[in-house]
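A short worksheet on the structure shown next.
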Amino acid sequence: MRPFRSPAPDLRGRVGGALFARVAGPAGKENRARIHDTPGPRWFEADSPVRTVHGDASMFIGGLRALLLQSLHPLAMAAVAAHSGYRGDPWGRLQRTSTFLATTTYGTADDAQAAVDRVRAVHERVRGQTASGEPYHAADPHLLGWVHAAEVDSFLVAHQRYGADPLDEAGRDAYVAGTARVARALGVVDPPRDREELTAVLAAYRPELRPTSQAREAARFILRHPPLPLVARPPYAVLAANAVVTLPQWARTALGVRPPALLPEGSVEPAGRLLTRTIRWAMPPAPPLTDAVANAG
């Protein structure tokens with residue numbers, strides 16, 4: 001007679017493995033081992049607010065919010081529409097982005113710099129014009145500044161609302177200051193170093209933002225037509241709904257987005273918190289960085 005074994009560990013492994021494979025891609029396990037186990041100094045200490053935020057399940061909501069908010073800059077959206085392949089290979093784009101974030105957050109300083117160098121080389125090649133004839137260049141520091149500010153704001157907003165351990169005021173400022181290190185490496189000039197500066201930067205970009213047809217098309221794709229199997233669509237709809245409700249009202253109005261009708265009013269945020277707790281259960285964080293690994297090399 002076979003001994004009884006609780007299905008919980010198996011279920012956790014299956015769900016966590018499926019999520020990890022979707023986000024990290026076919027080379028996810030190898031990349032994770034290299035990023036976390038390679039000896040050498042890191043850009044961020046083990047207790048850094050950057051690690052706290054980027055290692056939390058709230059990033060699923062923050063990432064969707066960032067994509068929606070970033071799309072409102074017409075030059076950034078034109079570059080994404082023409083060069084990123086977000087429709088033809090959305091999961092490949094997600095996997096490349098998640099690997100970059102993991103490498104710069106947890107990897108050795110050498111690996112982090114190499115990841116930044118690869119991205120900068122790609123940005124240098126991305127040039128073109130919008131439908132109205134405005135030129136864009138992905139390496140433009142001003143454009144990079146908007147992408148960075150929208151991303152940092154989105155990750156921080158999502159973590160404060162859905163994170164397991166929300167940061168205090170000093171921690172939130174330290175998170176913005178920490179992400180500025182990566183931003184400078186990517187070519188952003190004078191990125192914000194605390195929340196007050198981040199708020200000012202976001203406000204300064206407002207006159208440049210507008211909802212192009214490409215932005216609204218991207219929002220529809222992200223929120224309503226994700227390339228997912230049917231079983232995954234309800235939990236994804238919860239993530240998407242929470243990405244929408246965390247946007248400022250002006251951004252929601254500009255994009256013409258709202259939470260799906262299948263979620264009753266008042267249930268969106270509780271459902272988001274429950275789902276992020278479930279993801280956190282299924283995908284436990286990587287083991288903490290040891291002094292031996294961080295100081296070796």
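The model shown is predicted, which means the values in this text are computed figures rather than measured ones. We're numbering straight along the sequence, starting at 1.
In Gln129, the CD atom is crowded: over 12 heavy atoms of neighbouring residues, nucleotides or ligands sit closer than 6.0 Å. Residue Arg195 qualifies as enclosed at atom CZ: its count of foreign heavy atoms under 6.0 Å is above 12.
For the pair His148 and Thr179, the tightest heavy-atom approach, listed with the atom from each and the gap, is CE1-O, 3.4 Å. In terms of heavy atoms, Val268 sits closest to Pro259 at CG2-CB, 4.1 Å. Contact record, Arg280 with Ser58: NH2-N, 4.5 Å, taken as the closest heavy-atom pair. Summarising the geometry of Val201 relative to Ala149, their closest heavy-atom pair is CG1-CB, 3.8 Å, with the distance given to 0.1 Å. Of all heavy-atom pairs spanning Ala243 and Leu64, the tightest one is CB-CB, 3.7 Å. Nearest heavy atom pair, residue Leu255 against residue Arg216, reads O-CG, 3.8 Å.
Side chain of Glu197 to backbone of Arg193: a donor-acceptor contact under 3.5 angstrom is found. Using a distance-only test at 3.5 Å, with no hydrogens or angles considered, no donor-acceptor pair links the side chain of Arg252 to the main chain of Val257. Proximity of a side-chain donor or acceptor of Asn31 to a complementary backbone N or O of Thr99 within less than 3.5 Å is not detected. The backbone N or O of Leu228 sits less than 3.5 Å from a side-chain atom of Arg233, completing a donor-acceptor pair.
Ring planes of Trp146 and His73: tilted class, angle from 30 to 60°.
For the atom pair CG of Leu198 and CD of Glu196, the computed distance is 11.0 Å after rounding to the nearest 0.5 Å. In this structure, OH in Tyr175 is found 9.0 Å from CZ in Phe44, a value given to the nearest 0.5 Å. Here OH of Tyr106 is found 9.0 Å from CZ of Arg32. Values are rounded to the nearest 0.5 Å. For the atom pair CZ (Arg273) and OG1 (Thr278), the distance works out to 14.0 Å, reported to the nearest 0.5 Å. Taking CG from Asp56 and CZ from Phe155, the interatomic distance works out to 12.0 Å, rounded to the nearest 0.5 Å.
Under the 4.5 Å side-chain heavy-atom criterion for grouping Ile, Leu, Val, Met, Phe, Trp and Tyr, Leu143 is not connected to Leu209 through any hydrophobic cluster. Hydrophobic clustering of Ile, Leu, Val, Met, Phe, Trp and Tyr side chains at less than 4.5 Å, counting indirect connections, unites Leu186 with Val176. Hydrophobic clustering (side-chain heavy atoms under 4.5 Å, transitive across Ile, Leu, Val, Met, Phe, Trp, Tyr) groups Val119 together with Val152. Under a hydrophobic clustering in which Ile, Leu, Val, Met, Phe, Trp and Tyr are joined whenever their side-chain heavy atoms come within less than 4.5 Å, directly or via other members, Tyr136 and Leu67 fall into different clusters. Cluster annotation: Met283 is not connected to Leu274 through the hydrophobic network of ILVMFWY side chains, with a link wherever side-chain heavy atoms come within less than 4.5 Å.
Just one residue in the list Leu68, Leu72, Val157 forms a side-chain contact (heavy atoms from CB on, under 4.5 Å) with Leu247, and that residue is Leu68.
Not a single side-chain hydrogen bond (donor to acceptor under 3.5 Å, both in side chains) links Arg181 to another residue, sequence neighbours left out. Shown here are the side-chain hydrogen bond (donor to acceptor under 3.5 Å, both in side chains) partners of Thr105, two or more places apart in sequence or in another chain: His54. The side-chain hydrogen bond (donor to acceptor under 3.5 Å, both in side chains) search around Gln70 returns none, not counting sequence neighbours.
Residue pairs satisfying the salt bridge (Lys or Arg N to Asp or Glu O under 4.0 Å) criterion with at least one member in residues 120-138, sequence neighbours excluded, are listed as follows: Glu124-Arg127, Glu134-Arg210. For residues 154-163, every residue pair satisfying the side-chain hydrogen bond (donor to acceptor under 3.5 Å, both in side chains) rule, not counting sequence neighbours, is listed here: Arg65-Ser154, Arg161-Glu269, Tyr162-Asn242.
Contact check for Val126 versus His123: no side-chain heavy atoms found under the 4.5 Å cut-off.
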Extract all donor-acceptor atom pairs below 3.5 Å that involve side chains of residues 218-225 and protein atoms in other chains or at least two apart in sequence.
none

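Side-chain polar atoms of Thr253 and Gln249 form a donor-acceptor pair below 3.5 angstrom. A donor-acceptor contact closer than 3.5 angstrom is absent between the side chains of Asp110 and Thr108.
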